[in-house]
Amino acid sequence: MATLDQKSPNVLLQSLCCRITGKSEAEVAHQFQYAVRVIGSNYAPTIERDEFLVSEKIKKELLKQRREADAALFSELHRKLQSQSVLKHRWSVLYLLLSLSEDPRKPSGRVGNYGALFAQALPRDAHSTPFYCTRPQSLALGYGERSAGLSASMGTSGISSLGVYTLNGPTVTPQSLLSGQPPQSAAAQPLGARLAWALPVSSALAPLATRPLLGPSVPSSRVVRPRKDGEVSEAALVRDILYVFQGIDGKYIKMSAQDNCYKIDSKVVLCKSLRDTSSRLAELGWLHNKVRKYTDARSLDRAFGLVGQSFCAALHQELKEYYRLLSVLHSQLQVEDEHGVMVCTESSLTLRRLLVWMYDPKIRLKTQAALVDFCQGRKGGELASAVHSYGKTGDPQMRALVQHILSLVSNPILNFLYRWIYDGELEDTYHEFFVASDPNVKTDRLWHDKYSLRKSMIPTFITMEQASKVLLIGKSINFLHQVCQDRTPLGKITPASNSADTPRDTAELLSDLEGAFQEKIDAAYFDTSKYLLDVLNRNYLLLEHLQAMRRYLLLGQGDFIRHLMDLLKPELVRPATTLYQHNLTGILETAVRATNAQYDNAEILKRLDVRLLEVSPGDTGWDVFSLDYHVDGPIATVFTRECMGHYLRVFNFLWRAKRMEYTLTDIWKGQMCNAKLLKNMPELSGVLHQCHILASEMVHFIHQMQYYITFEVLECSWDELWNRVQQAQDLDHIIAAHDLFLDRVISRCLLDNSSRNLLNQLRAIFDQIIEFQNAQDSLYRSALEELTLRLQFEERKQQKETEGQWGVTAEQEAEEKKRIQEFQETIPKMRSQFRILTHFYQNIVQQFLVLLMTSTDESLRFLSFRLDFNEHYKAREPRLRASLGTNRGRRQSNI
């Protein structure tokens, strides 16, 4: 046990004290107690592994040697070295250079008289390093209060925990110090907490008689300029400047409201060099006031939003670091005052030294003041964009400062973003996020109208493509929940990523916008969009509904459409006012059961219905009949009310064109059936030939139009739509492809505003076909009636001759001849009617061809070539000859 006691730390420490002082154990009790307190204190080591402090020591040594130009050159070279990654251990290199520059003949600044060291008392509060977070108001405001105020805020050995500005952003306040816990070790402390070690090697523990005040005991080599009577000393200016740095008027330097700057009273006697230097230093006070005024005004403004409050917090953090530096300078000045130093030594505070020390803080304050000016009236993402624009500079220090502020400002925006893309929630009380929501929009218009982008709030470091994807992700989540009623947990759709909980996370994310940030957005986008499309196709049969539109509303189901026309013909020839929808619905169901349409999904067939359009005077059933397809729920997002209106217009056009084909088929059948019957009426051969020629022209025209509509318009557009839908990555792609399909169909079917003249001509041609059918039916009715009467007359005549009687009397024969003559007299009228009909038809077709040839659509110009393949109409219309010749010449020249 004795051996253990002799090796205990207390015994060993007491033995060390005895050996150093040369006294007995009883005599070193005071020194032993002092040593125990020193070991238990938080003094920082003599040598700090801090690049900034070593560089400051080098600059101070150069300034002592009156090498200000070399000091400035060294500062610039060191700044360039920091911006490069050539050396990993820059501190070691700088410390080696500092050690090599020391004169070996110069006495060391280390403590040599250990006895004298232990003989002095340990200052109060040596057990901790005070941590100042004071604002300027906490410092004494007047010279009368200055001594008491500074002594109350003084730290150990004049060393304050408030430090200088770092080069890469302000340091973070240690939580242990804020909560009253023991402070961290010196190695883990912020740079500002270790500023005093950059000062000359001295200790405030020793009395003035034992060691020099703030430097080695070398007399100043400077020649001190003799002052004039009443001239203000430099030390008094230094005191004033330290207060001006905090925005407080000094005794000689005050704020001029008229000039909006700090000025030295004109009555003060002062040399020009000191006056100029003081004016340059006073600029920091003006910059400080500008930043402080902005933060004080905006910090209490709730409408400024979270982004704005983060900006104010970043400025407060920068000001706090600025106050730490000022506290160190105040502490240094207080040490001089306590020991009554009135002469200007090599290590005392001077205006020139303040100019060097405050160079970096001044740059940072200028940057902050410029940001304050540029960010006036901005909030949210627009404010973040303004801060980001200042980071595009070649100065590494300024860029690092702006990047640090940007990381704090962008933190709320990225939290908004992650909440939106992973939870679909938008909690943007002050409208700072670039995604906007309209609470008045109903659920059926959620996808189209409820959410939109605020382009002014999109930060410049987020591209428009990324912002569109962010909008789409959250919109998809809300669409699944509110419209599709899908309750799948969001974690199964896309795994949530860690949010930007701290500014450091935000800074790391902002440094890799095209990497990690883009990957997070892409992953959430692909997972959410794929799941949404799977739900629409699996649960709501989106693709099946799309195909049903093609089969029924675009007349793609040929057997069904033909059978439906056959069944509807007796009903549709009647006046439109006599139709009843329930009768037509029954016929529709009959057509479905009798054709391949019966094998379609029941979900699709129950949506198919009949619709009667608004009736106009003189309309028949053909003019008002239409098929309808009911859509609701999620598929109504793709098949909107506007889209269904387009489908209705296209169906009416296709139905009318199909009716023309159906009509011409009836005309052709009538001609074929009646041709043999009317052989015995040679007087009709010319009229019938005229009918056959006109019918052939109409058949050729309708067949070419049907080919164009069916293959060049519908099939080609549908194939392109189907390919786009199969490759779609999100619902917006499907909606865009579907809208493009409808626009192309409407344009090429001559239903858009630019093709109104063409459509009118085409409808006039359709009307001529209907008129021709009516004229031919009238001709055949008259001819067949006349043929029936003639056959009856011949039959009676033969019957009487068979009975041995005269076949007809003279009176009967005269009546027969009279009736035949009356019929023959109507033939020229019929021939004139068909000639006029042919003339009108051909004129309309020629005008239609001219419009086709002048169209900008190449497919329409090719249609005109097919319609006039034998140049039949070209020979009749001079304008057509010019148009055809011009276009064909242009086509050949292009080839």
Side-chain angles (χ1 to χ4, degrees), residues 544-574 576 579 581 583-602 604-613 620-631 639 644-669 698-699 701-719 721-722 741-742 745-746 748-751 762-763 766 769-770 773:
E544 284 78 356
H545 287 298
L546 193 61
Q547 292 175 328
M549 296 286 183
R550 171 70 181 96
R551 288 199 301 270
Y552 298 113
L553 296 188
L554 301 183
L555 311 189
Q557 190 79 20
D559 60 331
F560 167 76
I561 297 300
R562 180 66 189 188
H563 190 59
L564 180 64
M565 279 190 164
D566 291 337
L567 296 177
L568 288 175
K569 182 179 178 181
E571 293 286 334
L572 298 184
V573 295
R574 295 163 50 192
L579 296 180
Q581 187 167 352
N583 293 338
L584 300 178
T585 304
I587 296 175
L588 174 65
E589 294 175 356
T590 302
V592 168
R593 289 194 299 268
T595 59
N596 288 330
Q598 63 181 314
Y599 301 112
D600 269 345
N601 194 319
I604 292 174
L605 293 178
K606 75 177 184 180
R607 296 177 181 269
L608 193 61
D609 198 4
V610 170
R611 180 176 181 177
L612 294 178
L613 306 179
T620 63
W622 290 104
D623 299 318
V624 298
F625 174 81
S626 176
L627 287 181
D628 195 12
Y629 196 86
H630 299 294
V631 291
F639 305 107
M644 297 310 297
H646 292 330
Y647 273 114
L648 182 61
R649 291 179 61 195
V650 176
F651 174 83
N652 290 332
F653 173 78
L654 297 177
W655 182 256
R656 191 169 185 132
K658 198 71 175 178
R659 179 195 173 191
M660 295 302 106
E661 184 181 5
Y662 188 80
T663 299
L664 287 174
T665 301
D666 289 344
I667 290 174
W668 179 82
K669 286 193 299 185
M698 292 179 173
V699 167
F701 182 89
I702 293 300
H703 281 178
Q704 293 301 322
M705 286 300 301
Q706 282 290 87
Y707 172 84
Y708 167 76
I709 294 170
T710 303
F711 295 101
E712 295 191 14
V713 177
L714 294 179
E715 285 301 326
C716 293
S717 300
W718 172 259
D719 183 67
L721 167 65
W722 192 251
F741 165 74
L742 284 179
V745 168
I746 286 177
R748 292 192 174 182
C749 286
L750 314 178
L751 298 175
L762 187 58
R763 287 177 176 172
F766 290 167
I769 292 174
I770 300 298
Q773 182 192 29

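- Aromatic rings from Y552 and Y629 are positioned such that their centres are separated by 6.0 Å or more.
- Salt bridge E544/R551: absent, no basic N to carboxylate O contact under 4.0 Å.
- Between L553 and V650 there is no side-chain heavy-atom pair separated by less than 4.5 Å.
- Open room surrounds CZ on R611; 12 or fewer heavy atoms of other groups in view lie less than 6.0 Å from it.
- Checked by atom type and distance alone, the side chain of Q581 pairs as donor or acceptor with a backbone atom of V610 at under 3.5 Å.
- Looking at V713 and W718, their side chains never come closer than 4.5 Å, going by heavy atoms from C-beta outward.
- Note: N583 CG to L588 CG = 12.5 Å, rounded to the nearest 0.5 Å.
- At a threshold of 4.5 Å between non-hydrogen side-chain atoms, the residues F766 and I770 do not count as touching.
- Residues K569 and D666 are paired through a salt bridge, judged by an N-O separation under 4.0 Å between the basic side chain and the carboxylate.
- Taking the six-membered ring where the residue is Trp, W655 and F651 present parallel rings, their angle staying beneath 30° rather than reaching 60°.
- The side-chain heavy atoms of F560 and L608, taken from C-beta on, include a pair separated by under 4.5 Å.
- Note that CD1 of I702 is 6.0 Å distant from CG of L664, once rounded to the nearest 0.5 Å.
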ask   = Checking side-chain contact (heavy atoms from CB on, under 4.5 Å) for the pair R659/D623: CA distance, chi angles, key distance, verdict?
value = CA-CA 10 Å; R659 179 195 173 191; D623 299 318; 4.1 Å; yes

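- No option in M549, R649, H630 other than M549 meets the side chain to side chain contact (heavy atoms under 4.5 Å, CB included) test with M644.
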ask   = Checking salt bridge (charged side-chain N to carboxylate O under 4.0 Å, His left out) for the pair E715/R550: CA distance, chi angles, key distance, verdict?
value = CA-CA 10 Å; E715 285 301 326; R550 171 70 181 96; 2.4 Å; yes

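- Taking the side chain as every heavy atom from C-beta outward, T620 and L572 never approach each other to under 4.5 Å.
- Here I709 contributes atom CD1 and Q706 contributes atom CD; the two are 5.5 Å apart, rounded to the nearest 0.5 Å.
- Counting heavy atoms of neighbouring residues, nucleotides and ligands inside a 6.0 Å radius, atom CZ of R763 does not exceed 12 of them.
- In terms of modelled atom types and a separation under 3.5 Å, the side chain of D609 and the main chain of T585 share no donor-acceptor contact.
- Ring planes of W622 and Y662: tilted class, angle from 30 to 60°.
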request  = Under the side-chain contact (heavy atoms from CB on, under 4.5 Å) rule, what do M565 and L568 come out as? Steps first, then yes or no, please.
outcome  = CA-CA 5 Å; M565 279 190 164; L568 288 175; 5.9 Å; no

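- Of the possible polar contacts, none joining the Y708 side chain to the C749 backbone as a donor-acceptor pair under 3.5 Å is found.
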